[in-house]
Amino acid sequence: MGRVTVAALLLLTLSSASWSGANGAGAVRRALHVMDPFHEHGPVKYVVSDLDAAPPRSGSTDNAPSPPQPIDTSVDVPGSGSGNSDDAVHAAKDHLTHTPASVVEEKKGDANLDETPHEPKATDAEPADTSAEADDDDVDENIVGQTYPTCAPCDECMVDWVAASKRVSEGTDQCRGTGECRGACDVQLLRINGTYGLKKLSKDRPQTRDLGASAATVMRVETPRGNPFVKFVCVPGLPRHHTVCEKGEEYPKEKRLIQNTESLQKLADFCGLESISSRSWIAHVRGRMPAGMPLTPTENHPTPVDVDQLGIFSSPADGIAISALCAGVEGPSLLFDVPAYQIVEAALYDFIFCAGDRHTQNVFIDEDSNIKLIDNDNLLGEQVFVPGSFNKSRKCGVSSLFIPGTMESWRLRRSKYCRGLLGTLDYRCHAGPSGEVNLKPKLQQCLTHFKKSSANDIHAEFGLAELDFAESLKQRATDLLDVGFPAALQRANEFEKTIMFTKAPDNKKPFVGKKWDDIPTSSDKDMFAAWRDSMWRPLEPAVCNGLRANWDNAPWDYRTDKSFVGGEEGANGIGIELQRITVEMTRPKTIQP
């Protein structure tokens, strides 16, 4: 079979980066001073005022108390995981459902995984080399090198995200991404409301939005065609968290996140995973931010700030962040009603696209318990990528509250925060204790394409920021197809495991590789649960609290064992640990009016 020429690959690569030239030099800038919130092993974010980032309160039976509120929390910052929507925002709501695909049963045997932690061998750290060219017979000529239509055009910064997702779900033309937003548009930039809540939770007072720890600022845009959000990575004249950038000068972080956003949207469309997350696109914005924008938890900017730069737009997510849901009396019970297919799809999304910071502030839940993932521009390996780092093998560090064996899931699994119910977000509570999944056809086709294509072809086809991102994406796709979800998860975080065993500081070394119950004291558990320098944690049974998986009206059933329904009756005897909620944990705290 024919092979894509070097010239064609170069053309694709240049085309994927064309946003830079199209929007002018004024849209990118150089950082003069950046307060880097990352650690030595790569950019693993430490979140300020992150309700769920506090260590699990293993020594207490009460709900975790809310942290002190900042003086101004009207700005919503996806970079920190804070919210993305409120009731006043939605003139156009996304109530899309998947188009059911024909049922394909692909039952895999349970992965025979060793759950006992062990110190990895030196060879464990090096993943398989996936950068070499694929054999001619394996390359899909019908996909590699071709161009595809975008899923929706852009008109004056606006994209019809409902129509775009509908077109993806119908799957008639394999559309990817959104049309280029040409030129600049003048918009009114509005502050995001300081509090939000769900109408059905009448006993829960609205929660205050968190300020966030990144330099990014998120604003609301009101138009007759919908009310999207726009994120500015760094704004000249608005030195959030002491990060300074100058107008007309390149700011590398902005360029990378914009490229990542465009690549990820194309990938999500291609794989049929677009509906579980907010939809994103890029446009050049002119406008003015109002006076009083937050700079730090204790400082606001005194004057308005003019904006003339690229922004990362996203469709609104209905409802509130799970972190805000957990702060109420009634809210946590909504976790029992989240559709099972959405939980499994979120886990697949976060694994395939390498989410390294999926915590409760960047998962939204609406009145009907539907969930939506926000703050996705740092995926694909960007979370841990360090140019020129000695950690050449650290191409991805998966950490998601939906995925067991990762830091975010492990620290919430036995947490008493949110009435102890956050463990129900482990995808095994919904798919079954084996953790195996039945992939829907479009997703299977997507993974097969990654497996058969070379990393160079993937890099060019989707415009990824780094060849490393394409190599690790290809490896995760290959493993998911070849060995199943649980074993693929184990392989993906093998280097994170190596970091834990070889780079742990002295105060963490006594707990390296230990399971939750083997860590002796509550304070030790709290400290180790919040440690973020390694994303790996021991694989332990799910804590499902008697949840009965809700597969009613699912557009696709990801279970390999359709008899699994969860709950105490369905879970007993098949490996799921049932952690009962104590009376003390369920007793509501008194909330002052």
Give a yes or no on whether a salt bridge exists between D533 and K508, defined as a side-chain N under 4.0 angstrom from a carboxylate O.
no

Quick one: closest heavy-atom pair of I403 and A347, and the distance?
CD1-O, 3.5 Å

Please check if the side chain of S165 supplies one atom and the backbone of V162 the other of a donor-acceptor pair under 3.5 Å.
no

Could you walk me through whether E540 and W516 pass the side-chain hydrogen bond (donor to acceptor under 3.5 Å, both in side chains) check?
CA-CA 8 Å; E540 302 198 50; W516 183 267; over 6 Å; no

Identify, with sequence neighbours excluded, every residue that meets salt bridge (Lys or Arg N to Asp or Glu O under 4.0 Å) alongside D506.
K509

Rounded at 0.5 Å granularity, tell me how far CG in L373 sits from CD in Q342.
9.5 Å

Taking all heavy atoms of K372 and all of S275, pick out the closest pair and write down the distance.
NZ-O, 2.9 Å

Determine yes or no for a side-chain-to-main-chain donor-acceptor pair under 3.5 angstrom, with D561 supplying the side chain and S563 the backbone.
yes

Main-chain N/O of A431 paired to W551 side chain as donor or acceptor, under 3.5 Å
no

Taking the side chain from T498 and the backbone from E494, do they hold a donor-acceptor pair closer than 3.5 Å?
yes

Below 4.0 angstrom, N of the basic side chain to O of the carboxylate: do D337 and R548 qualify?
no

What is the minimum heavy-atom distance between A492 and F351, and which atoms define it?
CB-CE1, 3.6 Å

State whether D557 and R559 are salt-bridged, where the test is any N-O pair (Lys NZ or Arg NE/NH1/NH2 against Asp/Glu carboxylate O) under 4.0 Å.
yes

For a quick check under 3.5 Å, do T521 and D524 share a side-chain donor-acceptor pair by atom type?
yes

Closest approach of A327 and Y417, non-hydrogen atoms and distance?
N-OH, 4.3 Å

Within 45° of the ring axis of F528 and under 6.0 Å from its six-membered ring centre, is that where the NZ or CZ of R537 lies?
yes

Is there side-chain contact between L348 and V344, with heavy atoms separated by less than 4.5 Å?
yes

Worked check of side chain to side chain contact (heavy atoms under 4.5 Å, CB included) between L273 and I352
CA-CA 10 Å; L273 295 175; I352 295 168; 4.1 Å; yes

For S314 and S280, indicate whether the former's side chain and the latter's backbone hold a donor-acceptor pair under 3.5 Å.
no

Side chain to side chain contact (heavy atoms under 4.5 Å, CB included) between R428 and E436: does it pass, once the steps are laid out?
CA-CA 8 Å; R428 296 173 298 174; E436 297 294 353; over 6 Å; no

Measuring from atom CG of N376 to atom CG of N260, what distance do you get when rounded to the nearest 0.5 angstrom?
10.0 Å

Side chain to side chain contact (heavy atoms under 4.5 Å, CB included) for S534 and M407? Distances and angles first, verdict last.
CA-CA 8 Å; S534 169; M407 185 275 295; over 6 Å; no

Are the aromatic ring centres of Y349 and F402 under 6.0 angstrom apart?
no

Identified salt bridge (Lys or Arg N to Asp or Glu O under 4.0 Å) counterpart of E496 within the set R394, K503, R491:
R394

Ring centres under 6.0 Å, that's the criterion: do Y427 and F485 meet it?
yes

Could you report the tightest heavy-atom contact between I519 and K525, atom names first, then the distance?
O-NZ, 2.9 Å

From CA spacing to verdict: side-chain hydrogen bond (donor to acceptor under 3.5 Å, both in side chains), Q383, N378:
CA-CA 5 Å; Q383 179 77 16; N378 219 20; 2.6 Å; yes

Is W556 close to Y341 at the side-chain level, that is, under 4.5 Å between some pair of heavy atoms?
no

Looking only at atom types and distance, does a side-chain atom of N362 sit under 3.5 Å from a main-chain N or O of D357, one as donor and one as acceptor?
yes

Would you indicate whether the side-chain heavy atoms of L422 and L401 approach each other to under 4.5 Å?
no

Would you call the rings of F501 and W536 parallel, tilted or perpendicular, where under 30° means parallel and over 60° means perpendicular?
tilted

Given E408, which of R358, R532, R413 fulfils the salt bridge (Lys or Arg N to Asp or Glu O under 4.0 Å) condition?
R532

By side-chain hydrogen bond (donor to acceptor under 3.5 Å, both in side chains), which residues pair with T406, not counting sequence neighbours?
none

For C429 and T424, work out which heavy atoms get closest and say how close.
CB-O, 3.9 Å

